[in-house]
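Just below is one structure, and these are the notes that go with it.
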2 protein chains.
Amino acid sequence: MTANDRGRGLGRAIRSEDRKAEIIQAAAEVIAERGYRGASLAAVAERVGLTQQGLLHYFPTKEALLIAVLDVRDQWDMASAALHGSAWPLEMIAGLVEYNATRRGVVQVFTVLAGDSVTEDHPASGYFKERYARVREWGARSLRSEYGDVLPGGLTPEQAAPLLVAVMDGLQTQWLHDPEAVDMPALFRDFVALLTAPRAADGTPGSA
Amino acid sequence: MTANDRGRGLGRAIRSEDRKAEIIQAAAEVIAERGYRGASLAAVAERVGLTQQGLLHYFPTKEALLIAVLDVRDQWDMASAALHGSAWPLEMIAGLVEYNATRRGVVQVFTVLAGDSVTEDHPASGYFKERYARVREWGARSLRSEYGDVLPGGLTPEQAAPLLVAVMDGLQTQWLHDPEAVDMPALFRDFVALLTAPRAADGTPGSA
DNA sequence: GTCTATAACAAGATAGAC
DNA sequence: GTCTATCTTGTTATAGAC
């Protein structure tokens, strides 16, 4: 707390965290551009004005850096809500999709890594398996708290949640390949409409 | 055409095509397991009992081999139908999803490459952009020929087609990460039900 | 905390023998 | 048609100076 802490103790520690955050940000960018395997430590280092060896002072291995990227990115999206257990109304999720459409980089990291990580012995494969399970559960809980045990469209929350996640992921892939041709937020809202528009009353009881 | 053409001419040419097909199959496997960047020519060559240099006799570069893999795989799925313009009823598409659930390798190549190819200067990025556009168009045409200008669920074919593709892709990703937890064919049929279940008649004209 | 030097590999591709 | 040998480049990671 003294004025001459510069270069030592807490002051230095905070600076170090800043540096780490900078590196994580740069790593996310490079991974988005070239995939995990294609992202070299040297390319990341260059972006923050370090050498490859200087970077390794902050993260001992490439894998450690990837984990750090994943952990930080997690705080940005649904997974964060999922982690904290707070339910989101569908309208809020649609808002997130709208926001995502303005942040290509964020979307691209996850799309690239989600694909990458189905390969053998990928360092992020466990992460994604858990993440998907967590988000599906959270989605089902959110939908149940908004609509009860059956959505207006006729599906249960447990049926709708994985579809919701699939639509988000799948639209992102198409959107990344051709943003002009794919209006991601509008299409997501079309899907929401499908989920929430009341079905016609048929012979089955329950409409009265 | 003579009997002693063995080792020359047509006989040899056919053998060479067989060898190429073998290599393409092996390449698809290795790409599924390790991604495009992680797939070394040596690993592919080993699977067909060749050296890396022997393999390069058939495909001059790694990129040429990737293109060949993509071209051949295309003949296996929807893109083939899309290419030939023939419409598929939704039930048939659901059948394809069911079939896919028995062929992990086929699914995995596309999922890995679709993610991989959103990165910069990826040799397959043009391929996927075109493929998605083609499949969306074909999907819309198929849906229109089965249901007309508005599906029972209320969406137009142009709205439903990209969602259909997104659900297929997105479910594949979740299924690859955790096949036990994700019943891909059943979930796809849930989505089909959403698309095709009649909506409740509201105040809007058109129901009479 | 960041650097230079370097170890230790692994990659794709070419040249040329057989 | 397939091999051995080799070039060139790029990778992660370590050792140790400053």
Side-chain angles (χ1 to χ4, degrees), chain A residues 4-24 26-27 30-31 33-69 116 119-124, chain B residues 4-24 26-27 29-31 33-69 112 116 119-124:
Chain A
N4 54 5
D5 258 341
R6 195 164 46 109
R8 275 196 168 246
L10 197 60
R12 194 56 135 199
I14 288 170
R15 282 262 167 73
S16 172
E17 287 310 304
D18 285 355
R19 204 86 167 105
K20 276 193 169 185
E22 243 189 294
I23 293 169
I24 289 169
V30 176
I31 290 171
E33 285 165 18
R34 340 221 330 209
Y36 173 63
R37 281 188 164 97
S40 74
L41 293 176
V44 177
E46 196 191 10
R47 260 178 225 226
V48 293
L50 278 178
T51 61
Q52 178 250 137
Q53 295 87 341
L55 186 150
L56 283 173
H57 174 72
Y58 295 94
F59 299 94
T61 65
K62 185 180 179 178
E63 196 172 321
L65 179 54
L66 174 66
I67 302 298
V69 167
D116 226 22
T119 59
E120 274 171 16
D121 302 324
H122 195 285
Chain B
N4 53 4
D5 259 341
R6 195 164 46 109
R8 274 192 171 252
L10 197 61
R12 194 53 137 200
I14 288 171
R15 281 263 168 74
S16 172
E17 286 311 302
D18 284 355
R19 204 84 167 104
K20 275 193 170 187
E22 241 189 295
I23 293 169
I24 289 170
E29 286 171 20
V30 175
I31 290 171
E33 284 166 19
R34 342 222 327 209
Y36 173 63
R37 282 187 163 99
S40 73
L41 293 176
V44 177
E46 197 191 9
R47 259 175 226 228
V48 294
L50 278 177
T51 61
Q52 180 247 136
Q53 296 87 339
L55 186 151
L56 284 173
H57 174 73
Y58 295 94
F59 299 94
T61 66
K62 186 180 178 177
E63 197 173 320
L65 179 54
L66 174 66
I67 301 298
V69 167
V112 167
D116 225 23
T119 59
E120 275 171 17
D121 303 323
H122 195 283

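Each chain gets a letter, A, B and so on, in the order the sequences are listed, and its residues count up from 1.
- Remark: A/A39, A/S40, A/L41 in residues 35-49 of chain A come within less than 4.0 Å of DNA chain D through at least one heavy atom.
- The B/T61 side chain lies nearest to C/dA13 when the options are C/dA13, D/dC3, C/dC3.
- The NZ-P distance, from A/K20 to C/dG1, rounds to 10 Å in whole Å.
- To the nearest 0.5 Å, atoms CZ (A/F59) and CD1 (A/I67) are separated by 11.5 Å.
- Distance B/Q52 CD to D/dC7 C1': 13 Å, rounded to the nearest Å.
- Distance CG (A/L50) to C1' (D/dT12): 16 Å, rounded to an integer number of Å.
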Annotated structure of DNA chain D as dot-bracket, pair cut-off 3.5 Å, Watson-Crick or G-U only, | for inter-strand, is |||||||.||||||||||
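- With values rounded to the nearest 0.5 angstrom, B/L65 atom CG is found 8.0 Å from B/Y36 atom OH.
- Counting only heavy atoms from C-beta on, A/L56 has its side chain closest to D/dA13 among C/dA13, D/dT11, D/dA13.
- Taking atom NE2 of residue B/H57 and atom C1' of nucleotide C/dG16, one finds them 15 Å apart after rounding to whole Å.
- Taking 4.5 Å as the limit, every side-chain heavy atom of B/K62 sits out of range of all side-chain heavy atoms of B/L56.
- Here C/dG1 presents its C1' atom at 14 Å from CD of A/E22, a figure rounded to the nearest Å.
- Panel note: side chain B/T119, backbone B/H122; no donor-acceptor pair is recorded below 3.5 Å.
- A/K20 contributes atom NZ, which lies 9.0 Å from atom NE2 of A/H57 (distance to the nearest 0.5 angstrom).
- Remark: B/E33 CD is packed, more than 12 non-hydrogen atoms of other residues, nucleotides or ligands lying under 6.0 Å away.
- The backbone N or O of A/R34 sits less than 3.5 Å from a side-chain atom of B/R37, completing a donor-acceptor pair.
- C/dG1 atom P lies 11 Å from atom CD of A/E17, rounded to whole Å.
- At whole-Å resolution of the value, CZ in A/F59 and P in C/dG1 are 13 Å apart.
- As rounded to whole Å, 8 Å separates atom C1' of D/dT11 from atom NZ of A/K62.
- Of the candidates C/dC3, D/dC3, C/dA5, the closest approach to any side-chain atom of A/Q53 belongs to C/dA5.
- Distance check: B/I23 CD1 to B/D18 CG gives 11.0 Å after rounding to the nearest 0.5 Å.
- Rounded to the nearest 0.5 angstrom, B/L55 CG and B/E46 CD are separated by 12.0 Å.
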